[in-house]
Protein chains: 2
Amino acid sequence: MASFDVDKIAPATEPARALAGEHEPCQGCTVRHLTVCAPLADEELHEISQIAQTVELSPGDPLFDEGEPARHVFNVTAGTLRVYKLLADGRRQVIGFLFAGDFVGLANNETYAYSADAVTHAALCRFPRTRLENLLGRYPKLQTRMLSVASHELAVAQEQMLVLGRKTAKEKIATFLHTLSRRAEARGQNGNPVHVPMSRTDIGDYLGLTTETVSRTFTQLRTRGYIALRSGGKVEITAPESLREIAEGL
Amino acid sequence: MASFDVDKIAPATEPARALAGEHEPCQGCTVRHLTVCAPLADEELHEISQIAQTVELSPGDPLFDEGEPARHVFNVTAGTLRVYKLLADGRRQVIGFLFAGDFVGLANNETYAYSADAVTHAALCRFPRTRLENLLGRYPKLQTRMLSVASHELAVAQEQMLVLGRKTAKEKIATFLHTLSRRAEARGQNGNPVHVPMSRTDIGDYLGLTTETVSRTFTQLRTRGYIALRSGGKVEITAPESLREIAEGL
DNA sequence: CGTGAAGTTGAGTATGCTCAACGGTGGTGG
DNA sequence: CCACCACCGTTGAGCATACTCAACTTCACG
């Protein structure tokens with residue numbers, strides 16, 4: 001994971017600070033194989049480099065807010081983001097967490113349908129939407145990849161509906177930890193112990209639970225020997241197979 | 001709404017019966033403007049006609065099951081379908097309901113990630129996946145449309161996460177009726193009274209509630225004057241603005 | 001009409017929420 | 001350097017929303 005220079009953190013009035021593009025930022029991109037950019041050839045990568053800018057965020061910094069004109073799309077290159085929707089009275093539903101390689105900002109309207117902000121220090125690669133759409137027209141491989149990313153996200157969202165609508169608190173937390181572990185492995189990180197950078201409140205708002213219930217359920221899973229809480233927000237899954245069975249409702 | 005000849009209903013062993021393609025079935029398609037086929041020119045429509053087949057389903061007939069090889073994609077031309085996922089012990093989460101114009105079967109794996117079956121008599125237009133993907137490569141407009149459909153579905157799924165995770169039973173039912181009404185209008189049907197063809201159990205499995213709670217909540221909305229239950233599964237929304245406010249959590 | 005499925009209503013309960021207190025921890029400033 | 005403070009996490013007690021189990025009604029279809 002990259003480290004961040006705190007001096008570069010943007011003030012509140014300009015939360016998503018775009019750094020000047022390097023000469024060929026995309027050529028050296030360490031997470032390219034995970035992103036929508038994966039299928040691009042050198043020539044095409046050069047072109048996409050021209051329209052890419054880097055954005056860095058501090059914990060809590062907004063990337064964009066629901067309802068805002070959707071001018072950019074992003075690739076996460078480091079850190080953790082949270083994507084969420086709000087009700088008028090402040091109830092929050094976290095739609096998902098984003099890690100290195102994840103794509104964000106796909107909107108079918110002219111405005112974002114959700115808000116996104118930083119959980120940890122994070123870095124993203126930013127593309128103006130209109131210019132990327134122009135590239136999509138010329139690079140069918142990129143469009144195919146976008147469709148693939150969108151259908152994958154759709155499948156993930158549908159799986160989460162099953163979690164939210166039909167699983168118990170215990171099953172929800174077990175599913176969450178299992179999925180987080182699998183995603184860490186998919187991007188080449190350690191899946192066990194798994195890094196859990198978000199707060200109990202974030203997890204609750206993701207799973208349709210309160211912080212108290214999340215905390216109690218962690219405790220329950222811990223005292224029953226399925227997991228162990230390590231320092232630095234790490235969770236060791238001590239009985240992976242049993243945890244998976246709980247997650248599946250068995 | 002089209003009526004269906006019960007004699008054409010497929011037996012249990014061949015639930016999704018494909019009828020012989022007509023000469024130019026797509027030319028006369030009454031819901032084309034709603035579907036992924038909307039942007040196609042006559043020439044292209046002719047070509048997609050060649051690979052299209054018609055499927056008719058009786059209430060309860062499966063279209064496909066989760067885990068089955070994803071050989072086809074479909075456009076709904078008439079009737080109502082339900083799409084759902086199951087847990088091992090039988091708990092069911094309905095992912096969505098499909099009406100005329102809706103697209104179904106997008107899969108990023110080789111298998112379907114959910115099951116789909118008929119709520120009412122229904123008709124669909126079926127395309128072999130590999131042959132449609134071939135067309136996608138040659139008709140960028142079609143691919144763009146597919147991406148647009150996928151991002152729209154993603155936005156709908158994310159909205160449903162908010163419903164499942166953070167709304168009360170009353171808000172869920174109000175949201176459900178409001179959305180159903182809007183969708184009916186979007187395909188040129190009457191949004192009020194709105195046709196509600198699915199059972200209380202289906203609605204419960206869609207909203208993360210039991211049938212009893214769905215029934216009680218309908219009664220509550222009825223006695224308080226927000227809705228009236230009409231014959232033939234129609235619901236009249238007697239106080240649309242108030243219902244919308246309940247749906248928004250106000 | 002008879003029958004079975006779907007819907008409604010009631011009574012009691014449990015899962016997860018609310019309100020509250022307390023402990024740990026990391027950041028900040030005296 | 002350490003004391004303070006705010007935030008996060010944990011735990012407890014009581015409660016409410018929605019669930020379970022059950023009976024009864026309505027409706028569609030023979």
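In this text the structure is predicted, and so the values were computed from the model without any measurement. Chain letters run A, B, ... following the sequence lines, proteins first, then strands; residues in each count from 1. As a basis for the values below, the full set of heavy atoms in this structure was taken, side chains included, without hydrogen atoms, waters or symmetry mates.
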Please report the distance, rounded to the nearest Å, between CD1 in I203(B) and P in dA6(C). 13 Å
So F64(A) and Y112(A), would you call those rings parallel, tilted or perpendicular, with 30° and 60° as cut-offs? parallel
Which part of the nucleic acid does S199(A) contact within heavy-atom distance under 4.0 Å: base, sugar-phosphate only, or nothing? sugar-phosphate
Counting side-chain heavy atoms from CB outward, which of dA18(D), dT11(D), dT8(C) is closest to E212(A)? dT11(D)
Considering only dG16(C), dC19(D), dT18(C), which nucleotide approaches the side chain of L209(A) most closely? dG16(C)
Describe the nucleic acid contact of G208(A) in one word from base, sugar-phosphate, nothing, applying a heavy-atom distance below 4.0 Å. sugar-phosphate
Could you check whether any side-chain heavy atom of V163(B) comes within less than 4.5 Å of a side-chain heavy atom of L207(B), counting everything from C-beta outward? yes
Find the bend of the helix from dC1(C)-dG30(D) to dG30(C)-dC1(D) as the angle between its two terminal axes (five pairs each), to the nearest 10°. 40°
Map T211(A) and R166(A) onto DNA chain D by nearest heavy atom, then report which one ends up closer to the 5' terminus. T211(A)
So, does T211(B) use its side chain to make a donor-acceptor pair with the main chain of R200(B) at under 3.5 Å? no
Rounded to the Å, how far apart are D205(B) CG and dA6(C) C1'? 14 Å
May I ask you to verify whether the side chain of R216(A) and the base of dT18(C) hold a donor-acceptor pair under 3.5 Å? yes
Can you work out whether T210(B) or V214(A) has the more 5'-proximal nearest nucleotide on DNA chain D? V214(A)
Looking only at heavy atoms, which two atoms of V104(B) and L98(B) are closest? And how far apart? CB-CD1, 3.5 Å
For R71(B), does the CZ atom sit with more than 12 other heavy atoms under 6.0 Å from it, leaving out its own atoms? no
Between K167(B) and T175(B), which heavy-atom pair has the shortest distance, and what is it? NZ-OG1, 3.1 Å
Length of the line joining R200(A):CZ and dC17(C):P, which is rounded to integer Å: 15 Å
Side-chain N or O of T219(B) versus OP1/OP2 of dT8(C): is the shortest distance under 4.0 Å? no
Proximity to the side chain of S215(A) - top-ranked nucleotide from dG16(C), dC19(D), dG9(D): dG9(D)
Return the value, rounded to whole Å, for the distance between atom CE of M198(B) and atom P of dG7(C). 11 Å
Just how far, in rounded Å, is P of dG7(C) from CD1 of I227(B)? 14 Å
What's the CG-P distance between L221(A) and dT11(D), to the nearest Å? 13 Å
How many Å lie between CG on L229(A) and P on dC8(D), as a whole number? 18 Å
Show the atom names and distances, to 0.1 Å, of all donor-acceptor pairs under 3.5 Å that link a side chain in residues 154-161 of chain B to residues at least two apart or in another chain.
from, atom 1, to, atom 2, distance (Å)
E159(B), OE1, K85(A), NZ, 3.0
Q160(B), OE1, Y206(B), OH, 3.4
Q160(B), NE2, Y206(B), O, 3.2

F218(B) or T168(A): which one's nearest nucleotide on DNA chain C is closer to the 5' end? F218(B)
Nucleotide dT20(D), atom C1' - distance to CG of D89(B) in whole Å: 15 Å
Only one of D202(B), V94(B), D205(B) passes side chain to side chain contact (heavy atoms under 4.5 Å, CB included) with Y84(B); say which it is. V94(B)
Touch check for L207(B), heavy atoms < 4.0 angstrom, all strands: base, sugar-phosphate only, or nothing? nothing
